[in-house]
Each structure stands twice: as C-alpha cells, then as structure tokens.
Amino acid sequence: MTKVAGIDSSTQSTKIVVCDAETGTVLAEASAAHPDGTEVHPSAWWSALEAASAGGLLDGVTAIGVGAQQHGLVAVDETGEVVRPALLWNDTRSAVAAEDLVRDLGGPAAWADAVGSVPVASFTVTKLRWLAEHEPHHAQRVSDVMLPHDWLTWQLLGREGSPVTDRGDASGTGYWSPATGEYRSDIVERAFGRGPRLPRVLPPWEAAGETRSGVLVSAGTGDNMAAALGLDARAGDVVVSLGTSGTVFAVHSHPVADPSGTVAGFADATGRYLPLVCTLNAARVLGAAARLLGTDLAGLDRLALDAPPGAEGLVLLPYLEGERTPNLPDATGTLAGLRRTNMTPENLARAAVEGMLCGLADGLAALQDLGVRARRILLIGGAARSRAVRAIAPTVLGAPVVVPEPGEYVALGAARQAAWALAGAAEPPHWDASREGTEVGESGDAEAGERIRGAYAAARVAMYGR
Ligand SMILES: Nc1ncnc2c1ncn2[C@@H]1O[C@H](COP(=O)(O)OP(=O)(O)O)[C@@H](O)[C@H]1O
Ligand SMILES: O=C(CO)[C@@H](O)[C@H](O)COP(=O)(O)O
C-alpha cells in the first residue's frame, strides 16, 4: 500500500494524518499543541510537527503535504534564519497599517479589483507595513517573506532551493491576485518600501521537491483551502469551520471581488476559487463562556440545550479578541438584552453558541449575495464536536447542516494533495465518498433563526452603529 501524509499546522495545534494514497482511508493520526499568543516563533510549529510525528508515524510515507493557518508573516534573513516571531492572522496590531494601505491604493474597490480582497489586519501585506514602520531594524534584515505553510514546506525540503507556495495561500497575502495569477510587486513595495523575495507560486498538482530521505513534498496550501480539498466540496456545499477562527467558504468557478471587504476573494487548492468570510472569535468563545459559568465544554452544551432558542432575549456579541468581520479590531465582547428574568446560566450558554454562529450566518448571507449556492452546510473544526453547536447551527444558519466524519479535514486535504502530486494526474485522486457525514440538529426553525439573527444585528448596530 502506498502511504501519504497530511499536516495541519493551524493556530492551536499540529495534526498529522497518514492515509492510503488510493482510497484516502486514514491509517494513523497524531497531534501536538502550539503555544498560545498571536506571535509565535516558527520553530514552535516545527517542534510540534516533530512531537506529533515521533514514534515512527511517518515511516513508510511516500509523499507529504502541509496545510497551515493562513496569512502569518514569516520573515527570513539572508542566512535562512527567522528575523522575529511570526505575526499571526489573528494579531490585530496592523489594523492602522491596513487602514493606511486601503487609503493609499485608492480605497476598498481598488483593492478588491487588484487582489480580490480588501485587507484588514489579518492580511500579510498589512503586517509587512507594520514591520517596516515599527521595527525597521528587523525590516532591513528581511530577504524572504513566507507564509506558515511555505516555511514548513521549505523546512521539510531541508531549506534547499527557493521557497515555494501555492495559489490558495498566496491569495491571502494581499499582494497576489487570484484573477491574474500574478504577484503585485508594486503593492509589496508600497507596503514595505522595497521588494523582498517571494515564494514561487506552484500549480496545485506540482511537487515542491523531496525531503533528504526521498519523500515527495507537495505544494501545500492554506488551512481553509486544504479543508475544501479534504472534503471534496462541490457546488452547493458551503463549509463552516469552527476552529480558533470561524470561517464560511465555498469552492467557486470564478474569482470574486467584494468591495465591502466582507468576503475575501481567495483561490482554492484545485485551480478554482474560494470566496471566504472569516471571524476572529469561534471555538474559544465557548471555552471562555464555559469558564465564566464554572463548567467545562460538556457542561456548556448541557446548559445551552436547556435554554429556549433566542435565550429569552440575551445576546452575546462575542468579539473577545477584537473582530475581523465586521472589521472591529479593538472591539470587546458585549452582553446585551439582560433582564432579571433571563439572567440564567442556561441563557448565557445559549447566547454564546448563538452569538458565535450569528457572525457566520452573516458571512453565509454575504456569500449568497455574491452568487454562492448553499444547498447544505458542512460543519467542521474543533467546535463542530459540541452537541449544542450541532443542535443549534441549522436554526441560526438557516440551512441543513451535515457533520462529516472523521474530522481532520485540513490534514486530510493536505494528504490528498500529496497523493495528487505523487500521481502526477490532472485531477486530485478520487477518495472515499463515505465522508458524506450525517445531518445534525433541530430541523431549522426559520422563524427562530430570523429572530436570533435580528436580535444579534440590533445589538451590533446599537453598539457599533453598523
Ligand atoms: N466538544 C467541544 N465543544 C466545543 N469546543 C471544542 C470541543 N472540542 C474541541 N473544541 C475546541 O476546538 C478548538 C480547536 O479546534 P481546531 O479546529 O483544532 O482549531 P485550530 O484549527 O484553529 O487550531 C479549541 O478551542 C477547543 O477548545
Ligand atoms: O485567517 C484565516 C482565514 O482567512 C483563518 O481561518 C486562519 O487560516 C486560521 O485558521 P484556524 O487556525 O482557525 O483553522
């Protein structure tokens, strides 16, 4: 049997799956945690990869691919050393740089036209501007700029040859256009004052090279693109991922450009496109709410499922770490609609689940406005394990929700890409269709869903005027 491996180096951990290259059957898996924080030295990701693969997990693997958290700035000097810890997608310090860059290029529509997205603090381009302005001593040492998956791929290749990337991850930089397939070096220079080396963008099926022990390494991609590939997402499938970030996205046949900035016009990992909306606050909202209520995640589920839809008017705007969509980098959370009668642990737990999902319901509506069809939602990510989330999601999202099993779709997509590069075929290999999954939840109460989304929008407008 030919074995391939996929790596998911996401915000909170590294996960590895080893699969049968023919069928995609998962043969083994392992994971290791990452440090907390919005800036992390890339060596911590490498250590987690080593820890997760200890004990011979990768023995006999013929090809490997890396899916990783998008957008992070990995700045490397002439000797190949990392200049400073990577600034991650959820680091909001470059919010002012983002505003300045949007203005400099001529406004949001000019950005949507140039690179398919309007940059907020998450985008790599804004982190480059921040570095140039705030840490010129670091900026002047930078010779190569990479994304987390580019750096990990380069490490796997023994740092030999020039770094490479793929369309999917490149589309999250803010200086590569999915529509033209080219870097915008003028935008890099506008942000950074000069043009550091950027990774070559490989087509989806092309291998990046081989490790020193002869394992083929595929191009890799961003974690959301890898998830779409692992799920084999088709027309009518909208993916909602509840990890550290909340994302809602779909594979699309043509590039999109949303000048409102709500939808990012990314590329996918198959040669198509991946319009996506991302929130900063997803699974960790549930952990924080459980802590406030003196319980654990299972306890939060029990409480939330004991409250009625709408939590008797209690609304949580869960912007605990600032927010990206809507673009409120300095926001904090808000609990609205408190009354003596509704101030119960059950309602607070339900408000946390509903509030987290409402941001993604807004994202789904924005995708639909751009012509994305939502026949069903595929729910993945750590918080898709929550009983309360599974029950409540169809009501809040207003569509049938399916939870596919098993769950590590980013790693699975990276493994499927590795099998694709190994086969050298025009299309990715056909992998087991039994990943259809099961439909979950209350069978979406349309009236309750509208009421919950309406109360959330009213609280947001009252607090932020939009
Ligand atoms: N049963 C559960 N209920 C709610 N949240 C959960 C559950 N299991 C895991 N999580 C949360 O999922 C998150 C990890 O999800 P994951 O998709 O791996 O994140 P990331 O890809 O961003 O590293 C953690 O915050 C964890 O607390
Ligand atoms: O910034 C985005 C998408 O644009 C995030 O989705 C990151 O890619 C991090 O993903 P997770 O660690 O939450 O899976």
Side-chain angles (χ1 to χ4, degrees), residues 7-15 29 31-36 38 40 45 48 67-73 86-92 116-117 119-124 126-127 147-149 168-169 171-174 221-228 239-249 261-267 274-291 295-302 304-305 320-321 324-325 349 352-353 356-357 360 363 379-393 403 407-411 413:
I7 296 166
D8 170 9
S9 178
S10 286
T11 315
Q12 294 189 52
S13 65
T14 292
K15 298 149 204 160
E29 49 193 319
S31 67
H34 291 173
D36 204 2
T38 62
V40 169
W45 307 326
Q69 54 179 310
Q70 293 180 242
H71 310 298
L73 171 64
L87 296 171
L88 305 191
W89 65 279
N90 55 352
D91 189 293
T92 55
S117 301
V120 290
S122 294
F123 283 72
T124 327
T126 72
K127 300 176 192 303
L147 295 167
H149 114 255
D169 226 4
S171 66
T173 57
T221 192
D223 55 1
N224 293 293
M225 296 76 196
V239 183
V240 169
S241 171
L242 301 172
T244 316
S245 64
T247 54
V248 46
F249 55 92
T262 303
V263 178
F266 295 151
L274 199 78
L276 178 149
V277 178
C278 179
T279 66
L280 271 191
N281 297 283
R284 281 166 160 173
V285 172
L286 306 185
R291 204 166 54 245
T295 186
D296 56 11
L297 291 170
L300 186 87
D301 280 348
R302 280 194 296 278
L305 290 170
L320 307 185
E321 313 211 44
R324 164 167 166 185
T325 318
V353 175
M356 174 190 72
L357 289 168
L360 295 157
L379 189 65
I380 62 167
R385 297 200 189 98
S386 153
R387 277 200 310 126
V389 169
R390 289 177 181 218
I392 296 167
V403 179
E408 298 305 345
Y409 281 93
V410 176

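Counting starts at 1 for both ligands and their atoms, following the listed order. Residue numbers run from 1 in the order of the sequence given. Just so you know, these numbers use all the heavy atoms, side chains as well, and skip hydrogens, waters and symmetry mates.
Checking side-chain atoms of Asn281 against main-chain N and O of Glu321 turns up a donor-acceptor pair under 3.5 Å. Under a 3.5 Å cut-off, the side chain of Ser117 and the backbone N or O of Gly265 do form a donor-acceptor pair. Under a 3.5 Å cut-off, the side chain of Thr124 and the backbone N or O of His71 do form a donor-acceptor pair.
In this structure the side chain of Met356 reaches within 4.5 angstrom of the side chain of Val389, judged on heavy atoms. Residues Arg284 and Asn90 form a side-chain contact, since some pair of their non-hydrogen atoms from C-beta on lies under 4.5 Å apart. Between Lys127 and Trp89, every side-chain heavy-atom pair lies at or beyond the 4.5 Å cut-off. Proximity of Thr92 to Leu280: side-chain heavy atoms (C-beta onward) are separated by under 4.5 Å at one or more points. Side chains of Val120 and Thr126 form no contact here, defined as non-hydrogen atoms less than 4.5 Å apart. A 4.5 Å side-chain heavy-atom check between Arg324 and Ser245 finds every atom pair outside the cut-off. Contact check for Gln70 versus Ser122: no side-chain heavy atoms found under the 4.5 Å cut-off.
Looking at every heavy atom in both residues, Leu360 comes nearest to Gly246 through CD2-C, 3.5 Å. Contact record, Ala352 with Val285: O-CG1, 4.1 Å, taken as the closest heavy-atom pair. Closest approach of Trp45 to Val40, counting heavy atoms only: NE1-CG1, 3.6 Å.
Between Trp89 and ligand 2, no N or O atom pair is found at a separation short of 3.5 Å. The shortest N or O to N or O distance between Ala283 and ligand 1 is not under 3.5 Å. At under 3.5 Å, not a single nitrogen or oxygen of Arg284, backbone or side chain, sits near a nitrogen or oxygen of ligand 1. For ligand 2, the polar-atom distance check finds an N/O of Gln70 within less than 3.5 Å of one of the ligand's N/O atoms. Polar contact check, Thr244 against ligand 1: a nitrogen or oxygen pair lies under 3.5 Å apart. Between Gln12 and ligand 1, an N or O atom pair is found at a separation short of 3.5 Å.
The CG atom of Asp91 sits 10.0 Å away from the CG atom of Leu73 when rounded to the nearest 0.5 Å. The NZ atom of Lys15 sits 13.0 Å away from the CD1 atom of Ile7 when rounded to the nearest 0.5 Å.
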**Asked** Between Tyr409 and Val239, is a side chain to side chain contact (heavy atoms under 4.5 Å, CB included) present by the stated rule, with each step listed?
**Response** CA-CA 11 Å; Tyr409 281 93; Val239 183; over 6 Å; no
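For Cys278, the closest heavy-atom approach to ligand 2 falls below 4.0 Å.
Ranking the protein heavy atoms by distance from atom 18 (O) of ligand 1 puts Lys15 NZ, 2.5 Å first. Among all protein heavy atoms, the one lying closest to atom 1 (N) of ligand 1 is Arg385 CB, 3.6 Å. In terms of protein heavy-atom proximity, atom 3 (N) of ligand 1 is nearest to Ser386 CB, 3.4 Å. Counting only heavy atoms of the protein, atom 6 (O) of ligand 2 lies nearest to Ser245 OG, 2.8 Å. In terms of protein heavy-atom proximity, atom 14 (O) of ligand 2 is closest to Asp223 OD2, 2.9 Å. Atom 12 (O) of ligand 2 has Thr11 OG1, 2.5 Å as its closest protein atom, hydrogens excluded (heavy atom only). Regarding atom 17 (O) of ligand 1, its nearest protein heavy-atom neighbour is Gly382 N, 3.0 Å. The protein atom (non-hydrogen) at minimum distance from atom 21 (O) of ligand 1 is Ser10 CB, 3.1 Å.
Neither the backbone nor the side chain of His34 has a heavy atom within less than 4.0 Å of ligand 2. Residue contacts with ligand 1 for Gln69 are absent, since no atom lies close enough (heavy atoms, distance under 4.0 Å). Contact annotation for Thr247 and ligand 2: only side-chain heavy atoms (C-beta onward) come within less than 4.0 Å of the ligand. Contacts of Asn90 with ligand 2, taken as heavy-atom pairs under 4.0 Å, are absent altogether. The proximity of Thr244 to ligand 2, defined as any non-hydrogen pair under 4.0 Å, involves the side chain as well as the backbone. For Gln12, no heavy-atom contact with ligand 2 is shorter than 4.0 Å.
The distance from ligand 2 to the heavy atoms of Phe266 drops below 4.0 Å at these ligand atoms: 4 (O). Against a heavy-atom cut-off of under 4.0 Å, Gly381 is close to the following atoms of ligand 1: 17 (O). Taking every non-hydrogen atom of Leu297 and a distance limit under 4.0 Å, the qualifying atoms of ligand 1 come out as 2 (C), 3 (N), 4 (C), 5 (N), 6 (C), 7 (C), 27 (O). Counting atoms of ligand 1 from 1 in the listed order, those under 4.0 Å from a heavy atom of Ser13 are 23 (O). The distance from ligand 2 to the heavy atoms of His71 drops below 4.0 Å at these ligand atoms: 1 (O), 2 (C), 3 (C), 4 (O).
The nearest protein heavy atom to atom 26 (C) of ligand 1 is not closer than 4.0 Å.
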